[in-house]
Engineer: 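Please find one structure pasted underneath; my questions will follow.
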Amino acid sequence: MDLKLLWKQRRTGFWNGILPYLGYVIQSGVAMVFLFLVIAFSAWYTSFVQNIPAEFPIRWIALLLLAPLVLFSSYRTYLLPADIVFLRPQEYRMQEYLKNSFARGIIYKSLGLLLVFVTLWPLYVRADLDARPFGWFIVFLLLWKGLSSYGAWQELRMVQVGASRGYRLLRWALAVLAVGAWLWQPPQRSVWFLLLLAVVYIVALRIPVKHRVAWERLIQVEQGQAGRVMRTLGWFVDVPSSGQKVSSRRWLSKWGSGLPWNAGKAYRYLITKTFIRTEVFSIVLRLVVLGMLLSWWTAGSYFGVGVYLFFLLLAGVQLGALRRSHSESFWIMIYPISGESRRSQVLGFIFHLHALAALLMWLPMLAAGASGLTVTGVALILGILVIVIMRRSQGNKWLKEEEDE
Amino acid sequence: MENAQSPVLQISGLSGGYSAKRPVLHGIDLEVGRGEMVGLIGLNGAGKSTTMKHILGLMTPQQGEVRVMGKKRDEDAQIYQSAMAFVPESPELYDEMTVMEHLEFTARAYNVSEADFKQRTEKLLQLFRMNEKSTSLSTHLSKGMRQKVMIMCAFVAGPPLYIIDEPFLGLDPLGIRSLLDFMLEMKASGSSILLSSHILSTIENYCDRFIVLHRGQVISQGTLNELRLQFGESDATLEHMFYSLVQGRD
């Protein structure tokens with residue numbers, strides 16, 4: 001069996017399944033919105049780079065932008081549940097199969113990191129009086145990205161889930177520490193520190209017991225990755241639903257239990273549990289926290305209103321994914337829950353969460369005080385409009401889909 | 001019109017399948033009365049699951065009709081679906097819910113009162129020895145435990161009719177015994193059960209009647225004694241009679 005060929009066939013098969021949907025994504029207007037955002041950002045950024053405020057915290061900005069990209073690692077293996085039976089006899093040769101996943105996992109994300117770095121460079125080199133040389137900065141970023149990716153790959157192989165989680169936290173901490181040291185410390189001192197850090201990390205990675213091929217883990221991760229691609233497409237076009245990563249989040253487990261005890265709220269109960277345990281929750285939470293920070297930072301300016309509305313829109317799109325969560329669920333066809341009940345419960349839930357997100361991201365704008373009252377008021381009115389329009393759009397879309405069926 | 005004597009499930013002249021040109025079921029007639037446990041038996045591909053899908057409303061009959069509590073699904077889908085609970089052959093659970101949350105979702109969907117839900121849940125968790133797992137996500141359960149959750153969900157709903165497809169797969173011996181005992185208890189309280197299983201020696205002593213499906217047709221039905229009379233052996237086992245019935249037709 002040619003394992004390299006099998007990997008290529010699976011990769012081609014997956015992306016061939018995605019390609020037909022991309023036309024719909026472009027038709028949905030996302031390309032125009034993206035182009036508009038790029039042009040608007042370019043205009044604002046060019047002007048900002050020419051008039052950088054004094055004491056601009058460029059090192060913190062660079063740390064905030066670069067560290068997540070350095071530490072973020074994910075891999076597509078295209079493994080299937082049946083591989084535990086049919087590929088397992090080839091386990092001793094699986095490096096042939098998996099090295100493609102490893103290499104591509106690093107290459108594409110490194111390109112993304114470089115793109116952000118090159119975009120940031122004009123701002124960095126003007127704002128930091130002690131800027132690091134361009135070439136050496138790239139070498140540092142690529143080397144640490146490689147090390148971080150290697151660490152993430154080893155985490156996937158670890159036998160103990162607890163060890164894997166611990167090492168993930170260690171990898172994140174080291175990436176932040178490394179980027180911080182590179183930005184703040186004198187070059188000679190930071191290089192020796194980074195070398196020491198890297199050696200200790202590599203040695204530490206050898207300690208935990210690892211599988212040769214962690215079949216179950218890799219398959220689970222792959223299902224999560226494939227599901228993420230499908231869910232992203234699901235924002236624009238009706239695609240088959242796919243398994244997604246579920247987290248226990250015990251601290252939120254009471255959410256939903258207080259709903260009135262009647263059949264009308266049954267679907268709301270299900271969708272609440274879906275929200276708190278799936279990735280939609282973590283994505284929306286991150287968006288809201290980031291949105292709150294940016295709202296506070298840009299309070300009192302119309303640029304801030306734009307940022308606020310942009311984050312509100314993103315949160316709405318993410319919450320809209322809940323609409324499709326159980327559209328093809330077996331039990332929804334069997335249980336006595338009417339289509340009308342499902343529609344009203346899901347849309348109501350999304351609306352309430354969206355309104356809460358809007359409020360949370362708007363409150364920091366009050367930091368502008370009395371001088372920014374008009375801008376803050378405009379943001380509030382436009383925010384309410386965005387929520388109402390998205391609610392109507394989702395309702396109409398749902399009805400149209402029901403009519404089509 | 002529905003009355004106390006009318007069957008809970010009534011299937012008349014049912015033909016259907018995935019393709020109109022090649023129906024799987026051919027004129028099925030069967031009934032399940034109140035407080036009756038009926039065994040639906042047949043080889044793989046005989047049409048047991050297809051019959052159940054028609055009852056559940058997942059498939060539409062090409063000919064004939066299915067009535068639950070005297071109502072067809074298109075007359076009132078809400079009442080029709082509320083009147084039955086289903087235990088599938090393979091457990092179908094929501095990854096994002098715990099065992100207890102599955103039970104609560106089911107109870108809410110079937111409009112079971114909170115007090116009844118608590119009482120039934122306590123009993124079922126104890127009966128199937130799932131108390132320790134009640135707060136576990138379904139992804140952390142073994143196959144047998146997942147099957148137990150399916151069974152508990154059906155029983156927590158407490159409808160007049162249970163459709164149970166191969167419930168013993170993956171269950172441990174104590175689980176099988178608990179299920180059989182509980183089915184008898186449900187039956188005694190007036191509930192009706194249509195049960196499909198290949199483990200004939202197990203269901204032989206529990207079901208009131210048996211319906212033998214073969215190639216999409218009912219080839220025999222009756223109580224164990226009626227089948228023995230038809231077969232001509234007063235002490236024949238269900239397995240022996242079934243084997244002879246289908247062998248003679250292949």
Side-chain angles (χ1 to χ4, degrees), chain A residues 161 216-217 219-220 223-224 227 241-282 321-322 325-326 328-342 345, chain B residues 52-53 55-59 68 71 73 76-118 134-140 149-150 153-154 156-157 159 162-163 165:
Chain A
V161 179
E216 289 184 330
R217 187 91 192 279
I219 288 166
Q220 190 189 15
Q223 285 175 333
S241 59
S242 187
Q244 56 181 317
K245 191 181 162 195
V246 167
S247 309
S248 146
R249 299 198 182 111
R250 284 180 189 273
W251 57 285
L252 284 172
S253 61
K254 290 283 172 206
W255 193 353
S257 305
L259 285 170
W261 193 276
N262 61 55
K265 295 287 181 207
Y267 200 69
R268 173 105 176 206
Y269 181 82
L270 172 64
I271 215 74
T272 305
K273 297 297 174 187
T274 303
F275 173 67
I276 62 175
R277 300 242 165 77
T278 54
E279 284 178 313
V280 181
F281 174 81
S282 47
L322 290 172
S325 289
H326 300 294
E328 292 165 17
S329 154
F330 176 75
W331 290 111
I332 298 309
M333 289 185 268
I334 305 278
Y335 278 13
I337 299 174
S338 69
E340 171 52 32
S341 167
R342 275 197 298 132
Q345 294 303 310
Chain B
M52 288 185 167
K53 281 180 183 171
I55 299 168
L56 294 167
L58 297 175
M59 293 177 81
V68 175
K71 290 233 181 294
R73 189 170 187 270
D76 191 330
Q78 191 83 5
I79 291 180
Y80 184 94
Q81 297 296 157
S82 302
M84 68 179 126
F86 176 54
V87 179
E89 182 180 356
S90 307
E92 296 268 358
L93 296 173
Y94 292 112
D95 290 349
E96 58 267 45
M97 288 210 288
T98 64
V99 172
M100 189 58 107
E101 287 165 357
H102 274 92
L103 295 169
E104 186 170 338
F105 171 55
T106 308
R108 283 171 179 270
Y110 279 85
N111 226 355
V112 175
S113 73
E114 196 170 355
D116 282 350
F117 158 71
K118 284 180 178 160
S134 65
T135 55
S136 297
L137 283 177
S138 61
T139 45
H140 299 159
V149 178
M150 291 277 73
C153 281
V156 92
Y162 294 93
I163 309 292
D165 192 7

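Below, all heavy atoms of this structure are taken into account, side chains as well, without hydrogens, waters or symmetry copies. All chains are named by letter (A, B, ...) in the order of the sequence lines, taking the proteins before the strands, and each is independently numbered beginning at 1.
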Engineer: Between the side chains of A/S329 and B/Y94, does any donor sit under 3.5 Å from an acceptor?
Structural biologist: yes
Engineer: Give the minimum heavy-atom separation between B/A109 and A/P336, together with the two atoms involved.
Structural biologist: O-CG, 3.5 Å
Engineer: Of all heavy-atom pairs between A/I332 and A/L270, which one has the smallest distance, and what is that distance?
Structural biologist: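 That would be CD1-CD2, 4.0 Å.
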Engineer: At a heavy-atom separation under 4.5 Å, does A/L259 approach chain B through its side chain, its backbone, both, or neither?
Structural biologist: both
Engineer: For A/R250, is it the side chain, the backbone, both, or neither that has a heavy atom closer than 4.5 Å to a heavy atom of chain B?
Structural biologist: side chain
Engineer: Is chain A contacted by the side chain of B/Y80, its backbone, both, or neither, given a heavy-atom distance below 4.5 Å?
Structural biologist: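 For B/Y80, there is no contact with chain A at all, as no heavy atom is under 4.5 Å.
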Engineer: Could you tell me which portion of B/S136 (side chain, backbone, both or neither) has an atom closer than 4.5 angstrom to a non-hydrogen atom of chain A?
Structural biologist: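 Contact with chain A involves no heavy atom of B/S136 at all.
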Engineer: Going from CD on A/Q345 to OH on A/Y269, what distance comes out if it is rounded to the nearest 0.5 angstrom?
Structural biologist: 14.5 Å
Engineer: Using a cut-off of under 4.5 Å for heavy-atom pairs, which of B/T106, B/L56, B/V112 has the most such pairs with chain A?
Structural biologist: B/T106
Engineer: Parallel, tilted or perpendicular: which one describes the rings of A/F275 and A/W255, with boundaries at 30° and 60°?
Structural biologist: perpendicular
Engineer: What part of B/T139 gets within 4.5 angstrom of chain A, counting heavy atoms only: side chain, backbone, both, or neither?
Structural biologist: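 For B/T139, there is no contact with chain A at all, as no heavy atom is under 4.5 Å.
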Engineer: Is a donor from one side chain sitting under 3.5 angstrom from an acceptor on the other, for B/H102 and B/S138?
Structural biologist: no
Engineer: Between chain A and each of B/M84, B/E104, B/R108, count heavy-atom pairs under 4.5 Å; write down the option with the most.
Structural biologist: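 Maximum pair count with chain A is reached by B/R108.
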